[in-house]
Amino acid sequence: MSLNKDHYQVFASLLEQLRSDVTNTQLNATELRQRLASLKQFFGQQIVPLSEVDSREREVRAEASSDRNFAREQSYRTEMSKQLRLLEIDIMFFQGARQESTAQARLQTIRDRLTTLIRYCDAILRPEDTGEK
């Protein structure tokens with residue numbers, strides 16, 4: 001597994017752990033914000049810079065398949081960034097929930113958002129499983 005893939009695997013593991021904690025424990029909004037800050041920091045420091053590395057590798061190889069993979073992975077990185085921003089909003093809505101039923105609905109939205117992020121990581125890690133090559 002390449003170094004790039006290792007970063008995505010670690011990120012997916014962090015996402016899965018948070019999703020598990022949201023599902024199995026009663027995290028409060030402060031804990032969720034702290035965990036999100038850690039996720040965003042990891043994403044910004046370990047995942048985002050991969051686009052620069054990929055771009056340099058692409059220049060060296062100059063292959064058409066490399067271009068497709070770069071564009072595909074860049075698209076997923078962009079979507080992951082959007083989902084992280086939306087997750088931040090979901091956590092703010094959770095924090096503002098006054099009724100238990102609303103809080104539970106917000107937690108489900110947070111779990112769904114984390115699942116989406118995990119699927120994006122999986123798509124990058126295993127493009128053959130998604131029908132892409």
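Screening T115, I91, T23, L27 for a side chain to side chain contact (heavy atoms under 4.5 Å, CB included) with I110, the sole residue that qualifies is I91. The residue from T116, V10, L117, L87 that alone fulfils the side chain to side chain contact (heavy atoms under 4.5 Å, CB included) condition with L15 is L117.
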For residues 41-48, tabulate all N or O donor-acceptor pairs below 3.5 Å that involve a side-chain atom, not counting sequence neighbours.
unit_1, atom_1, unit_2, atom_2, d
Q46, OE1, H7, ND1, 3.2

Can I get a per-line list of side-chain donor-acceptor pairs under 3.5 Å for residues 95-104, giving both atom names and the distance, sequence neighbours left out?
unit_1, atom_1, unit_2, atom_2, d
Q95, OE1, R33, NH1, 3.0
E100, OE2, Q104, NE2, 2.7

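Sorted by first and then second residue, the salt bridge (Lys or Arg N to Asp or Glu O under 4.0 Å) pairs with a member in residues 20-31 read D21-R35; sequence neighbours excluded. Residue pairs meeting the salt bridge (Lys or Arg N to Asp or Glu O under 4.0 Å) criterion with at least one partner in residues 84-95, sequence neighbours excluded, are K40-E88, D90-R113.
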For this session: Check the pair E79 / K82 against salt bridge (Lys or Arg N to Asp or Glu O under 4.0 Å), numbers first and verdict last.
Result: CA-CA 5 Å; E79 288 302 316; K82 289 178 189 176; 3.3 Å; yes

Exercise. Would R77 and Y8 count as a side chain to side chain donor-acceptor pair (under 3.5 Å) if you check the C-alpha gap in whole Å, the side-chain angles of each, and the deciding distance to 0.1 Å?
Worked result: CA-CA 10 Å; R77 267 194 295 268; Y8 285 108; 2.8 Å; yes

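Residues C121 and M80 form a side-chain contact, since some pair of their non-hydrogen atoms from C-beta on lies under 4.5 Å apart. Between F11 and L39 there is a side-chain heavy-atom pair separated by less than 4.5 Å. Two residues are said to be in side-chain contact when any heavy atoms from C-beta on lie closer than 4.5 Å; L32 and L18 meet this criterion.
For R111, the side-chain hydrogen bond (donor to acceptor under 3.5 Å, both in side chains) partners at least two apart in sequence or on another chain are Q108. Residues that satisfy the side-chain hydrogen bond (donor to acceptor under 3.5 Å, both in side chains) test with S13, not counting sequence neighbours, are absent from this structure.
Residues I124 and K5 share a closest heavy-atom pair of O-NZ, 2.9 Å.
Note on V22: it clusters hydrophobically with L84, by side-chain heavy-atom contacts below 4.5 Å among ILVMFWY residues. By the criterion of side-chain heavy atoms lying less than 4.5 angstrom apart, applied directly or through intervening Ile, Leu, Val, Met, Phe, Trp or Tyr residues, L86 is not grouped with I118; the two fall into different hydrophobic clusters.
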